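Here the structure comes first, spelled out in C-alpha cells, and everything after it is commentary.
Owing to the predicted nature of the structure, the values given are computational and were not obtained by experimental measurement.
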Amino acid sequence: MRFRAKIVDVGCLNHFTRVVNTISKLAKVCTLRLSTEKLYFILSDKVANGGVSMWCELSQGNFFDEFQMEGVSADNNEIYLELSPENLSRALKTAQAAKAVKIKLTKKHCPCITLAVELPSLSISSRIVTHDIPV
C-alpha cells in the first residue's frame, strides 16, 4: 500500500483543515478510506448511545495538487485507515501559513500518516515540520 498527496494552494489547505476540524469535534476515532478519486471520512460512533454517524466524501482533485495511491492489489485499490481526527486537526494547525503540505503513509515504529509542513523562512531554505499520526 502506498499513499502520498500534496496541497500547495492555501485556499484548499484552509478548506481541508476546516473539514478535519469539524470531524474532530464529532468523533474521537474515524475511518479514512482512500480511493484513487476520493477521500472518505467515516464516523460510526455507537448510535444507540447518542453517538454520531456520518459520511464525508471529498474529491481529491478539489484539494490536492498531487495525489498518488496504490491499494493492496489492482482489484482492491483502496486503503482503509483508522485514526484520531483530533491528531490530524492538531497537525494541520501548524500548516496555516504553509507553502505546502505533504501527506503520506509511512511505517515508523507503527503505521503512520506523516504530514510534512513546509513553512516560509527568512533564509533561503524552508523549514519543514513533520507530524506522525499513528493509524
Side-chain angles (χ1 to χ4, degrees):
M1 292 188 303
R2 295 173 193 257
F3 169 68
R4 69 182 303 128
K6 186 174 182 179
I7 303 174
V8 177
D9 185 80
V10 176
C12 293
L13 180 58
N14 288 338
H15 192 175
F16 186 70
T17 301
R18 285 195 306 270
V19 169
V20 172
N21 286 342
T22 301
I23 291 168
S24 71
K25 292 174 185 169
L26 296 174
K28 300 248 185 250
V29 177
C30 75
T31 302
L32 175 60
R33 175 182 161 205
L34 303 167
S35 71
T36 55
E37 298 295 319
K38 297 184 179 180
L39 284 85
Y40 305 88
F41 287 97
I42 305 163
L43 289 80
S44 57
D45 279 354
K46 294 175 184 163
V47 180
N49 296 334
V52 175
S53 182
M54 187 187 93
W55 178 278
C56 178
E57 183 177 310
L58 305 174
S59 178
Q60 61 91 0
N62 293 340
F63 292 93
F64 299 100
D65 297 284
E66 296 174 18
F67 191 90
Q68 298 172 345
M69 180 258 157
E70 292 176 24
V72 177
S73 67
D75 296 337
N76 297 324
N77 200 15
E78 295 182 335
I79 300 173
Y80 288 84
L81 306 169
E82 188 174 83
L83 58 89
S84 167
E86 186 178 354
N87 289 344
L88 184 56
S89 176
R90 282 189 198 138
L92 287 169
K93 282 182 184 170
T94 63
Q96 289 178 348
K99 287 187 195 177
V101 176
K102 292 180 187 174
I103 305 170
K104 57 186 172 181
L105 185 60
T106 57
K107 186 168 183 174
K108 308 278 173 130
H109 300 292
C110 64
C112 294
I113 288 281
T114 300
L115 270 76
V117 180
E118 187 180 342
L119 297 169
S121 176
L122 296 174
S123 66
I124 296 170
S125 61
S126 298
R127 297 175 296 158
I128 296 179
V129 178
T130 304
H131 299 275
D132 291 322
I133 302 163
V135 293

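Taking the six-membered ring where tryptophan is involved, the planes of F3 and F67 are perpendicular, since the angle between them exceeds 60° and thus also 30°.
Residues passing the salt bridge (Lys or Arg N to Asp or Glu O under 4.0 Å) test with K107, sequence neighbours excluded: none.
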Which is it for F41 and L88 under the side chain to side chain contact (heavy atoms under 4.5 Å, CB included) test, yes or no, and what are the steps along the way?
CA-CA 12 Å; F41 287 97; L88 184 56; 4.3 Å; yes
Test log, rule side chain to side chain contact (heavy atoms under 4.5 Å, CB included), inputs H131 and N87
CA-CA 9 Å; H131 299 275; N87 289 344; over 6 Å; no
Quick one: do Q68 and R2 satisfy side chain to side chain contact (heavy atoms under 4.5 Å, CB included)? Show the steps, please.
CA-CA 8 Å; Q68 298 172 345; R2 295 173 193 257; over 6 Å; no
Output, in order, the C-alpha distance, side-chain angles, deciding distance and verdict of side chain to side chain contact (heavy atoms under 4.5 Å, CB included) for C112 and V135.
CA-CA 5 Å; C112 294; V135 293; 5.7 Å; no
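Here L43 contributes atom CG and T31 contributes atom OG1; the two are 8.0 Å apart, rounded to the nearest 0.5 Å. Atom CG in D9 sits 12.0 Å away from atom CZ in F64 (nearest 0.5 Å). Atom CD1 of I7 is separated from atom CG of D65 by 8.0 Å, given to the nearest 0.5 angstrom. Rounding to the nearest 0.5 Å gives a distance of 10.5 Å between CD of E86 and CG of N21. With rounding to the nearest 0.5 Å, the separation of NZ in K102 from CD in E118 is 7.0 Å. With rounding to the nearest 0.5 angstrom, the OG1 atom of T36 is 11.5 Å from the CD atom of E70.
By the rule that hydrophobic residues join a cluster once side-chain heavy atoms approach within less than 4.5 Å of another member, L81 and V101 end up as members of one cluster. At a threshold of 4.5 Å between side-chain heavy atoms, the hydrophobic network of Ile, Leu, Val, Met, Phe, Trp and Tyr places Y40 and V29 in two separate groups. Criterion: ILVMFWY side-chain heavy atoms under 4.5 Å apart, direct or through other members. Under it, I42 and M69 are not part of a common hydrophobic cluster. L39 and V8 fall into different hydrophobic clusters, where Ile, Leu, Val, Met, Phe, Trp and Tyr side chains are chained together by heavy-atom contacts under 4.5 Å. No path of Ile, Leu, Val, Met, Phe, Trp and Tyr side chains, each step under 4.5 Å between heavy atoms, connects L92 with I128, placing them in separate hydrophobic clusters.
Shown here for S59 and K38, the closest heavy-atom pair between the two residues is CA-CG, 4.1 Å. In terms of heavy atoms, A98 sits closest to V10 at O-CG2, 4.4 Å. Of all non-hydrogen atoms in A27 and P85, the two that sit nearest each other are O-CG, 3.4 Å. Of all heavy-atom pairs spanning L32 and L83, the tightest one is CD2-CD2, 3.9 Å. The heavy-atom pair separating I23 from C30 by the smallest distance is CG2-SG, 4.4 Å. Closest heavy-atom contact between K99 and P120: CE-CA, 3.9 Å.
M1 pairs with exactly one of I79, L34, N77, N76 by the side chain to side chain contact (heavy atoms under 4.5 Å, CB included) rule, that one being I79.
Looking only at side-chain heavy atoms (C-beta outward), I133 and R90 stay at 4.5 Å or farther from each other.
More than 12 heavy-atom neighbours from other residues, nucleotides or ligands sit within 6.0 angstrom of CZ on R33.
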